[in-house]
Enquirer: 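The structure under discussion is supplied below as structure tokens; questions concerning it will follow.
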Amino acid sequence: MSRFEAVNWNAPETDYTELLWTQNTSQFWLDTEIPISKDLKSWAKMSSKEQLAYMRVLGGLTLLDTEQGNVGMPMIAQFVQDKQKKAILIFQAAMEEIHAKSYSTIFTTVASLDMINDTFEWVKENKHLQYKTSVIDSLYRNIKPGDGLSLYKAMVASVFLESFLFYSGFFYPLFLAGQGKMVASGEIIKLIIRDESVHGVFVGLLAQEVFAALTEEEKQVAAAFVPELMNDLYRNELEYTEMLYDDIDLTHEVKKYIRYNANKALMNLGLEPVFEEEDVNPVVLNGIRTETSTHDFFSTKGNGYQKGKVEPLHDKDFSLLNDRVNQSNIF
Amino acid sequence: MSTQIAKWIQLNNEIMVQKNGSFQFEKDREAARSYFIDYVNQNTVFFHNLEEKINYLIEHNYYEKETFDLYAFPDVKKLYDFVYGKKFRFPSFMSAFKFYNNYALKTDDGSKFLERYEDRIAVVSLFLAKGDMEKAMSYADVLITQEYQPATPTFLNAGKKRRGELVSCFLLEVDDSMNSIGFSINSALQLSKIGGGVSLNLSKIRGADEQIKGLDGKASGVLPVMKLFEDAFSYANQLGQRDGSGVVYLNIFHADIQEFLDTKKINSDEKTRIKTLSLGVVAPNKFFDLVEEDKDMYLFYPLTVYKEYGKHLDDMDITAMYDELVNNPRVRKKKIVARDLIMKIAQTQMESGYPYIMFVDNTNDYHALKELGRVKFSNLCSEIAQLSEVSIINDYDEEDIINRDISCNLGSLNIVNVMENKRMRETVHLAMDALTEVSDRSNVRIVPSVAKANRELHSVGLGAMNLHGYLAKNKIAYESKEARDFVRAFFMMLNYYSIERSMLIAKEREETFLGFEHSEYANGNYFERYLTKDYSPVTDKVKELFEGLPIPTKEDWKCLKEQVAEHGLYNAYRLAIAPTGSISYLQSSTASIAPITQRIEEREYGDSKTIYPMPFLSDENYFYYKEAYDMDMFNLIDLVADVQEHIDQAISTILYVKDDLTTRDLAKYYIYAQKKGLKTLYYTRTRKKTIDECVSCVV
């Protein structure tokens, strides 16, 4: 009979697991914290083409987050051995569900019921969206117990999803928020990006560990698999981008952004970038720097706040403080 | 809406794209120029000459005719020529954008500009000088040289025919009655409608589970009242431009304090969650004593206190009354652990930035009007500290008893320009005149308690900005002894000249604020510290900076004390250091007396996103521009404490912390600030480590 083992956080599994757990949990947030209704005015000023593009962009993102929360993260978590890593993955899965829901929060606030329903119908019908989801999904579902190669492939798929495929969608909200449009919704997207960047890094690290444990033969297969998958998804992504962005003349900009993020995804896996460096639109690039940006307190929420760490005061704190008061009288 | 990005936004954002390892600062000037040529000039209504322009603007209800009627046209022309002759240019895209986007007069459909920066300054000067040409020239001079900057409502509205109020920050007491709550909601709506930020003191409201009409357990406490205010503020949104803003303050000994703080917790129930209202706690020193001694603390139910003493809980000196209240069996109370409460405050601040904290005993101990009334709460930016008295709102058939609430009327000196132009006395005098003028011309009739206080007290709040900019420009570190040496002298002088001017106004008009004779100014106590302590600079570096500027001596102070005793003061309150949001961008200056948060700021300001390198930022001063998050907050508090000695009201003080701080660290800052005599703490800002910072060091 196999014995069940409890997760033991007193014994660190690696140098970075607890750090990543802390990072993940401290940046917990809920969609309802952001006052989306502030965007109503901005929304009303958008042309119908722009509104349509925005809805579809968010629709596509919803599908990817649904896949990642329902299938990707739980599947990978199931096959990762270490219990702390599992815990982090499951927490990340929960965040993915919050991401998926937060797009709906934007929808329900700004759009009509018809528009919302049309968007979800469109998600079901769009062949590029369906294609990328099915490619990723089959890699997730093909993980076999004890087969490191299949796990590696799934992790690569996950990193591609988190660090690469999301960004064709993120582009538009960032582009608008950078110009002061749909700013509250942009805030949500930035919170999502803040999470996804940690997810991408974490699963990328796990993938590198899995890769290191593969046999030489498997490593060769894995090494060939990555560019093949990248090419396949990249081609699909270009067409998806044209379909979404042609009407609003942004296709060219978005494609550069996709390549930029494809490189980032490869780097998360510890691999060399494959695309030439290009100048990505600075408005969008500034949107993904994840430091706390300076922030008008009366307007949006900002990505600056987070759960507090509790530690009690000690009696000795007061003698130190009293000493400091005395020392501070230097004049 | 075009999907193409404007050239100036593109250029401005390119600052951040590094070339050969350094930022492209020159892109900002290019962006400012492009904004001007490609946008502002293209979208400005053309007039053949000044006369045509002013006539047009008056005829079409843009400018107020009365302002211009007081001057002969050649004088008006002379003023405009003088201002334009200064050849002012905005040094960064941010400053130009701020002005044209938020301040410049536009056509009614919002499509074209009718004013340049120079025009706004000329109109503000003419408006404030009320026909005195010499005065108008003086105002124009300190405005265009950017030595003095009126707060947004004044700068934006002066001289316009259809305009908002000249002041926009209000503080209201709320009594423990349905009439008063209803009246306050109406006041909050009215003040939000005219663009005001409103602070409410809820400490008098009976606690949850107290009696109503003698029936136990019927009252619902402070929370539902907060909800009502929150909804009122979001309803009055100035034609959809921006939601009204409000803050509610509660005394820390109020029975509902824990629930009050819980409204900001991330995972609290939607029904009790307060999203858009700001919170402040009012903390007497007794609370800090209990924390230090690690004792239990009692929270009091305000209605039982009022019934027992005929006085509201927060009108009392709670520190003095604490034992009495604890030992009185007829005062209902609740026991909690003091340290738990300070932890809760710290945790809530980390999660939401709130609450603000007012150290109410520090405020009242140094209150120059202590014999006239108590300070009980602060405002939306926590720089106001004035007395207030609750009004009694009666039924329709009975007259109300209207007492004094608070309005704030602010302006700021730009430290860099004041120090460089070496005419501080003149500048402070003009600033005090400008603020007094605004007070004289404000009459907020819709809220009679505010109008009454303004009529009787003529309160103003002169502050300062660009401290960090000045220090960096002169290669002084913000956390150094020299920085403290500088602020001690500078703010002592600000205090001196503002008292001097207020005394001169009283002398000219033969009128003081109501109750002057009972103030600490009249009995001379206020001047004690200046007669015993020398505030002139001690370090060589700072002495050098003050060369050419006379520094008031103990002798001067003694003389001023006598003049004040003889003539009185016109303004009951004079100084307050505001956080200076928009106006510091207009002035290309660092905000308030605060340290910078980023050498190159990425600013999300409601409706726009802009990259803003700090003023004068260069390779030479790069390291003197240390970012606030890298500073020791104890050093920041030391500096603020040095400034606070000279400021009769308060200072908006923001704490900047990194996310690895715990509640214990934060609580230590509060305790230290209280011990150092700060009057308020504004919110706490947390910077998250980015993932690069935290993983790159381990993997």
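Small disclaimer: the values here were computed from a predicted structure and weren't measured. So that the names make sense, note that chain A is the first sequence line, chain B the second, and so on, each numbered from 1.
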Enquirer: Quick one: are A:Asn322 and B:Glu292 in side-chain contact, heavy atoms under 4.5 Å?
Expert: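 A:Asn322 vs B:Glu292: side chains touch.
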Enquirer: Side chains of A:Gln327 and B:Asp638: is there a donor and an acceptor less than 3.5 Å apart?
Expert: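 No - no donor-acceptor pair under 3.5 Å links their side chains.
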Enquirer: Is it true that A:Asp317 and B:Arg339 make a salt bridge, defined as a side-chain N closer than 4.0 Å to a carboxylate O?
Expert: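 Not counted as a salt bridge, because no side-chain N and carboxylate O are separated by less than 4.0 Å.
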Enquirer: Sub-3.5 Å donor-acceptor pair from the side chain of B:Thr663 to the main-chain atoms of A:Glu311, do we have one?
Expert: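 Yes, B:Thr663 side chain to A:Glu311 backbone: donor-acceptor pair under 3.5 Å.
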Enquirer: Taking side-chain hydrogen bond (donor to acceptor under 3.5 Å, both in side chains) as the test, write out the residues that go with A:Thr108, two or more places apart.
Expert: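 Result, side-chain hydrogen bond (donor to acceptor under 3.5 Å, both in side chains) vs A:Thr108: none returned.
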Enquirer: Tell me, yes or no, whether the heavy-atom count around A:His252 atom NE2, taken from other residues, nucleotides or ligands under 6.0 Å, exceeds 12.
Expert: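 For A:His252, atom NE2 is not crowded (no more than 12 foreign heavy atoms under 6.0 Å).
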Enquirer: With a 4.5 Å cut-off on heavy-atom pairs, point out which of B:Met343, B:Lys676, B:Arg488 contacts chain A the most.
Expert: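 Sorted descending by pairs with chain A, the first entry is B:Arg488.
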Enquirer: If you draw a 6.0 Å radius around NZ in B:Lys7, do more than 12 non-hydrogen atoms from other residues or ligands fall strictly inside?
Expert: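 For B:Lys7, atom NZ is not crowded (no more than 12 foreign heavy atoms under 6.0 Å).
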Enquirer: Using atom types as modelled and distance alone, determine if a side-chain donor or acceptor of B:Lys675 lies under 3.5 Å from a backbone N or O of A:Arg324.
Expert: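 No, the answer is negative, given that no donor and acceptor are paired below the 3.5 Å cut-off.
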Enquirer: Step by step, would you call A:Leu313 with B:Ile671 a side chain to side chain contact (heavy atoms under 4.5 Å, CB included)?
Expert: CA-CA 11 Å; A:Leu313 280 166; B:Ile671 294 162; 4.0 Å; yes
Enquirer: Can you tell me how far OG of A:Ser26 sits from CE of B:Met350, rounded to the nearest 0.5 angstrom?
Expert: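 B:Met350 CE to A:Ser26 OG: 10.5 Å, rounded to 0.5 Å.
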Enquirer: Let me know if B:Asp642 has heavy atoms under 4.5 Å from chain A in its side chain, its backbone, both or neither.
Expert: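 Interface part for B:Asp642: side chain.
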Enquirer: What are the two closest heavy atoms between B:Arg664 and A:Pro312, and how far apart are they?
Expert: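 That would be CD-O, 3.3 Å.
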Enquirer: Let me know if B:Lys481 has heavy atoms under 4.5 Å from chain A in its side chain, its backbone, both or neither.
Expert: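 Both backbone and side chain.
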Enquirer: With a 4.5 angstrom heavy-atom cut-off, could you sort out which part of A:Asn281 is near chain B: side chain, backbone, both or neither?
Expert: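 Contact with chain B: side chain only.
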Enquirer: Once rounded to the nearest 0.5 Å, what's the spacing between atom CZ of B:Arg273 and atom OG1 of A:Thr32?
Expert: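 B:Arg273 CZ to A:Thr32 OG1: 5.0 Å, rounded to 0.5 Å.
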Enquirer: Select one option (side chain, backbone, both, neither) describing which atoms of B:Ile342 are under 4.5 Å from chain A's heavy atoms.
Expert: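 For B:Ile342, the contact with chain A is made by the side chain alone.
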Enquirer: Which region of B:Asp534, side chain (C-beta onward) or backbone (N, CA, C, O), has a non-hydrogen atom less than 4.5 Å from a non-hydrogen atom of chain A, or is it both or neither?
Expert: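 For B:Asp534, neither part sits under 4.5 Å from chain A.
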Enquirer: Side chain to side chain contact (heavy atoms under 4.5 Å, CB included), that's the test. Do B:Phe634 and A:Ser328 meet it? Break it down for me.
Expert: CA-CA 9 Å; B:Phe634 290 115; A:Ser328 72; over 6 Å; no
Enquirer: Say you draw a straight line from OH of B:Tyr672 to CZ of A:Phe318; how long is it, rounded to the nearest 0.5 Å?
Expert: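 Result: 14.5 Å between the selected atoms.
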Enquirer: Closest heavy-atom contact between B:Gln10 and A:Pro282?
Expert: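 Shortest heavy-atom separation between B:Gln10 and A:Pro282 comes out as NE2-CD, 3.6 Å.
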Enquirer: Got a sec: does the CD of B:Glu293 have more than 12 other heavy atoms crowding it under 6.0 Å?
Expert: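 For B:Glu293, atom CD is crowded (more than 12 foreign heavy atoms under 6.0 Å).
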Enquirer: Are A:Val283 and B:Ile9 side-chain neighbours, meaning at least one heavy-atom pair lies under 4.5 Å?
Expert: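 A side-chain contact under 4.5 Å exists here.
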Enquirer: Hey, does the Lys NZ or Arg CZ of B:Arg484 hover above the aromatic six-ring of A:Phe331, less than 6.0 Å from the centre and inside 45° of the axis?
Expert: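 No, cation not above the ring by the 6.0 Å, 45° rule.
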Enquirer: Quick one: of A:Asp279, A:Leu40, A:Leu321, who has the most non-hydrogen atom pairs under 4.5 Å with chain B?
Expert: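 Highest number of heavy-atom pairs under 4.5 Å: A:Leu321.
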Enquirer: Do you know which of B:Val291, B:Leu666, B:Val17 has the most heavy-atom pairs with chain A at a distance under 4.5 angstrom?
Expert: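 The candidate making the most pairs under 4.5 Å is B:Val291.
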